[in-house]
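Presented below is the structure to which this report refers.
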Amino acid sequence: MSNSGNFTEGFSPIQLDVLKEIGNIGSGHAATSLSNLLHKKIEMHVPGVEVVDFDQVMDLAGGADTEMVSIFQRMEGDAPGSMFFIMAPSQAHRFVELMTGSAQGFEDHSEMAFSALRELGNILSGAYLTALCDFTELELQSTVPSIAQDMVGAILSTGLIELSHVSDAAIVIKTSLTDREGREDEFLEGHFFLFPDPPSYQKIFSSLGVCVDD
Amino acid sequence: MIKEGQVVRIGIGDLGIVHSPDVIRTSGLGSCVGIVLYDDLKRLAGMAHVMLPEASLARNQGMKRAKYADTAIEDLIAALISAGASRYRLKAKLAGGAQMFQFTSSSDTMRIGPRNVDAVKENLQTLNIPILAEDVGGRSGRTIEFNPETMDLHIRKVNQGESVI
């Protein structure tokens, strides 16, 4: 990893593969736990790990203006970072409906709806991080989830602040969970965005025995 | 004849300038701040979408200067002057600097919105550029558009509609 210039320019293909594997393993476990919670078959998609500029991060999430519901948690411990689970408002509504059994869903923004989404965040990030800890042997915990419904650019930029000190680009570890069983208007879909803080990359690579300096 | 203008879009950590009848827009400001500097006589305006308060630690590392409040303002002024603006007519309007998430741990990253706003204001004050209007802080994302014909800054928030400052 190069120390001069842009932090994100120096990643090797092997290192990017490692990050992809982390997204794979983490969201695979999250998919299983979501499956158990909702008694539905949940599939996982790993579109890959990309190094993109900040505007493209927002495009990957639907465009900076697009209104989304997000569950944000900080990862704390050996490799700190930010983790988002992002869904369209209609999807947040479906998740809350399925979890609470109430047709009210998320539209009324009731305390029950918020706590259902926080619970969803805890279950998903718990599974994701447990898998990550087993894989890397690092100690990681997540903070209490924070929910926001707003423009996705405004939400995700929070996760880019740490990185923006050292880079004009971001490594996007994006994975998606979907349920493609039912009718199209009943699909469930949500996306993880994982942004490790800059010093965390080295810790992740070292823990897996991946060469840090090319 | 009314000449239709174009919308010039400014990305995150970027800046640009427009002449009337074009308008200039940036989308999805959260903790970031949208800075508009304009010369009302020349109908000329510049906008920056800044993410961080200052470039001090990164000045020599080849990163985008428009990402930081201090260097973005410097570069906006230079771009406006070379496009014909008068340094002494420049005025400012600001929007953004929200805190999107509430956390018990008051880490610096979580307080970045207010810090960005403070940095922008300090820099503008040092340069004697008056701030004629602002819509900063709060907990909402903003999409903003400035029209150098009317000097209006349009601000859109989710579920709160549009306002003009």
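Note on naming: letters A, B, ... go to the chains in the order of the sequence lines (proteins, then strands), and numbering restarts at 1 for each one.
Interface residue Arg142(B): only backbone heavy atoms are found under 4.5 Å from chain A.
Of the possible donor and acceptor atoms, one in the side chain of Asp55(A) sits under 3.5 Å from a partner among the backbone N and O of Ile12(B). Between the Asp150(A) side chain and the Gly141(B) main chain, a donor and an acceptor come within less than 3.5 Å of each other.
Residues Leu29(B) and Met151(A) form no side-chain contact, since every pair of their non-hydrogen atoms from C-beta on lies 4.5 Å or further apart.
Residue Ile161(A) holds its CD1 atom at 13.5 Å from CZ of Arg111(B), rounded to the nearest 0.5 Å. Taking OG of Ser157(A) as the start and CD1 of Ile112(B) as the end, the distance is 10.5 Å to the nearest 0.5 Å. For the atom pair CZ of Phe54(A) and NZ of Lys64(B), the computed distance is 8.0 Å after rounding to the nearest 0.5 Å. Rounding to the nearest 0.5 Å places CG of Leu160(A) at 5.5 Å from CE of Met51(B). Here the straight-line distance linking atom CZ of Phe101(B) with atom CD1 of Ile155(A) works out to 5.0 Å at 0.5 Å rounding.
By a heavy-atom distance cut of under 4.5 Å, Lys157(B), Val158(B), Asn159(B) are the residues of residues 157-165 of chain B near chain A, going up by number.
Annotation: Glu137(A), atom CD; neighbour count of heavy atoms from other residues, nucleotides and ligands within 6.0 Å does not exceed 12. Under a cut-off of 6.0 angstrom, the local environment of CD in Gln141(A) is crowded, with over 12 non-hydrogen atoms contributed by other residues, nucleotides or ligands.
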